[in-house]
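To start, the structure under review is shown below, and the notes come after it.
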Amino acid sequence: MTSDPSNPHDALIRKLLSNPDDAAAEIRLISPKDIADRLDWDAMERMDGSFVSADLRAQYSDLLFRTRIKRGRQRAFVYLLLEHQSTPDPLMAFRILEYQIAIIRKHLRDFGKRGKKKMDRIPAVLSLVVHAGPKGVHWNAPLEVSELFDLDPDTRAAMQDYLPRMRYLLDDVNAIDTPTLLARPGTPRSRLALALVKTTGRGRMILLPTLPDLVPDVLTLLEGPDAREDFQVIVTYIEGVGKLRPDELESFADQLDPIAKEIIVTTAEMLRAEGDARGRAAVLLELLTDKFGPLESSTEQRVRTADIERLKVWTGRVLRMATLDEVLV
């Protein structure tokens, strides 16, 4: 259950929302007051790993936090899932139920490994789905598992006490305009994370007018201890996913500071280099397959992750060398 740092959405969310204070600001905002008042937000700590399967990580990013119930001091988990695919998942309630079960199973395994006595209770898991799909479609999927069962209304009513009913919280940021989203209570990181995912994936014409609205939170972010690293992730996301050129970011950078402007320029250079490397790797893989037949996945991964200078050397050897090992030496 590891993260996928190559996914730009995942990289942005994990950088800006992994801190418990930033995640708590978003989760507390959406939680009903009687629930929010019972959770110990100061005790919230980030747990490692992801519960989203590898084939779905292009559409989802997730974060898990552990905290306590204030009154009874019982353990509880808070699970945040960001959905950034073009249309809402109609079976999201069932998917969240699966993730909740996986979280509880892991907790039970970890508890047993510590040599504790057998548990007779399981921890509560509060789940929040944040929807920021690239097409701006509003959320229309059921929020509760019981709504997914294929039953007529009378049968559903008769069986409701015997069916799982798990319900998740929803923050449909697609239903909120960007200025309103950026004016919500929270932290600069939490607001920027959601505003960027909401606008960047929808194209340059949506993103460009949004940039001035981001300036106040970005200025606050640039005063923090991880300012350079945070802003690097933001610029990489804007330029890579939003397809903005450095000149289109010039007026945005002018409202920040010289360091921010430098990061914008160097990020553009880095992305161009990465693009050149990906293109050269794709060509080399075609040449290797034509000459030596289907390649093992480990060989493909080795080529895709090589730097551009090594790729140039390997490409030059393809026609001269008789074996794959001689090419990739």
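If you take CD1 on Ile69 and CZ on Arg75, they are separated by 11.5 Å, rounding to the nearest 0.5 Å. To the nearest 0.5 Å, the span separating CZ on Arg46 from CG on Leu63 amounts to 5.0 Å. Remark: Arg121 CZ to Gln74 CD distance equals 10.0 Å, nearest 0.5 Å. Expressed to the nearest 0.5 Å, how far CZ of Arg68 lies from CD of Glu45 amounts to 8.5 Å. Here CG of Leu287 is found 10.0 Å from CZ of Phe292. Values are rounded to the nearest 0.5 Å. Taken from CG in Leu163 to CZ in Arg156, the straight-line distance is 8.0 Å, to the nearest 0.5 Å.
Taking 4.5 Å as the limit, every side-chain heavy atom of Leu39 sits out of range of all side-chain heavy atoms of Ile27. Counting heavy atoms from C-beta on, the side chains of Val52 and Leu81 come closer than 4.5 Å. The shortest distance between side-chain heavy atoms of Glu248 and Leu211 does not fall below 4.5 Å. Contact annotation: the side chain of Glu147 approaches that of Arg167 to within less than 4.5 Å [non-hydrogen atoms, C-beta and beyond]. Side chains of Leu196 and Ile238 form a contact here, defined as non-hydrogen atoms less than 4.5 Å apart. Using a 4.5 Å heavy-atom threshold, the side chains of Pro32 and Leu169 count as touching. Side chains of Ser86 and Val137 form no contact here, defined as non-hydrogen atoms less than 4.5 Å apart. Between Val241 and Leu12 the shortest side-chain heavy-atom distance does not fall below 4.5 Å.
Looking at every heavy atom in both residues, Met166 comes nearest to Leu97 through CE-N, 3.6 Å. Residues Ala93 and Val145 approach most closely at O-CG2, 3.4 Å, considering heavy atoms. Scanning both residues, Glu83 and Trp139, for their nearest heavy atoms gives OE1-CZ3, 2.7 Å. Considering all non-hydrogen atoms of both residues, Val233 and Ala11 come closest at CG1-O, 4.1 Å. The two residues Val173 and Leu181 come nearest to each other via the heavy atoms CG1-CD1, 4.0 Å. Taking every heavy atom of both residues into account, Ser31 and Trp41 meet most closely at OG-CH2, 4.4 Å.
For Asp177, the side-chain hydrogen bond (donor to acceptor under 3.5 Å, both in side chains) partners are Thr180, not counting sequence neighbours. Residues passing the side-chain hydrogen bond (donor to acceptor under 3.5 Å, both in side chains) test with Thr199, sequence neighbours excluded: none. Residues that satisfy the ring pair (Phe, Tyr, Trp, His ring centres under 6.0 Å) test with His9, not counting sequence neighbours, are His84, Tyr237. Here Asp89 pairs with Tyr60, Arg95 under the side-chain hydrogen bond (donor to acceptor under 3.5 Å, both in side chains) rule; sequence neighbours left out. Qualifying side-chain contact (heavy atoms from CB on, under 4.5 Å) partners for Glu309, counting only residues two or more places apart in sequence or in other chains: Asp307, Lys312. Here Asp161 pairs with nothing under the side-chain hydrogen bond (donor to acceptor under 3.5 Å, both in side chains) rule; sequence neighbours left out.
A salt bridge links Glu26 to Arg184: one of the charged nitrogens lies within less than 4.0 Å of a carboxylate oxygen. Taking a cutoff of 4.0 Å between a charged side-chain nitrogen and a carboxylate oxygen, Asp37 and Lys70 do not qualify as a salt bridge.
Other residues, nucleotides and ligands contribute more than 12 heavy atoms inside 6.0 Å of the NZ atom of Lys291. Sparse packing is recorded around CZ of Arg310, with 12 or fewer heavy atoms of other residues, nucleotides or ligands lying under 6.0 Å away.
Residues Glu296 and Thr299 have side chains that never bring a donor and an acceptor to within less than 3.5 angstrom of each other. For the residue pair Ser50 / Asp62, a side-chain donor-acceptor distance below 3.5 Å is found, with atom types taken as modelled.
When atom types are taken as modelled, the side chain of Arg317 and the backbone of Val327 share a donor-acceptor pair closer than 3.5 angstrom. In this structure, Asp217 contributes its side chain and Leu192 its backbone to no donor-acceptor pair below 3.5 Å. Between the side chain of Lys198 and the backbone N or O of Ile176 there is at least one donor-acceptor pair closer than 3.5 Å. Judged purely by atom type and a 3.5 angstrom limit, Arg189 has no side-chain atom pairing as donor or acceptor with the backbone of Asn19. One N or O on the side chain of Glu326 and one on the backbone of Ala322 form a donor-acceptor pair closer than 3.5 Å.
Aromatic ring orientation, Phe252 versus Phe231: tilted (interplanar angle from 30° to 60°).
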Show, in sequence, the C-alpha distance, side-chain angles and deciding distance for Leu285 and Glu300, and conclude whether the side-chain contact (heavy atoms from CB on, under 4.5 Å) test is met. CA-CA 7 Å; Leu285 287 170; Glu300 288 191 14; 4.1 Å; yes
With salt bridge (charged side-chain N to carboxylate O under 4.0 Å, His left out) as the criterion, how do Lys106 and Asp110 come out once you've worked through the C-alpha distance, each side chain's angles and the decisive distance to 0.1 Å? CA-CA 6 Å; Lys106 184 176 185 302; Asp110 292 345; 3.0 Å; yes
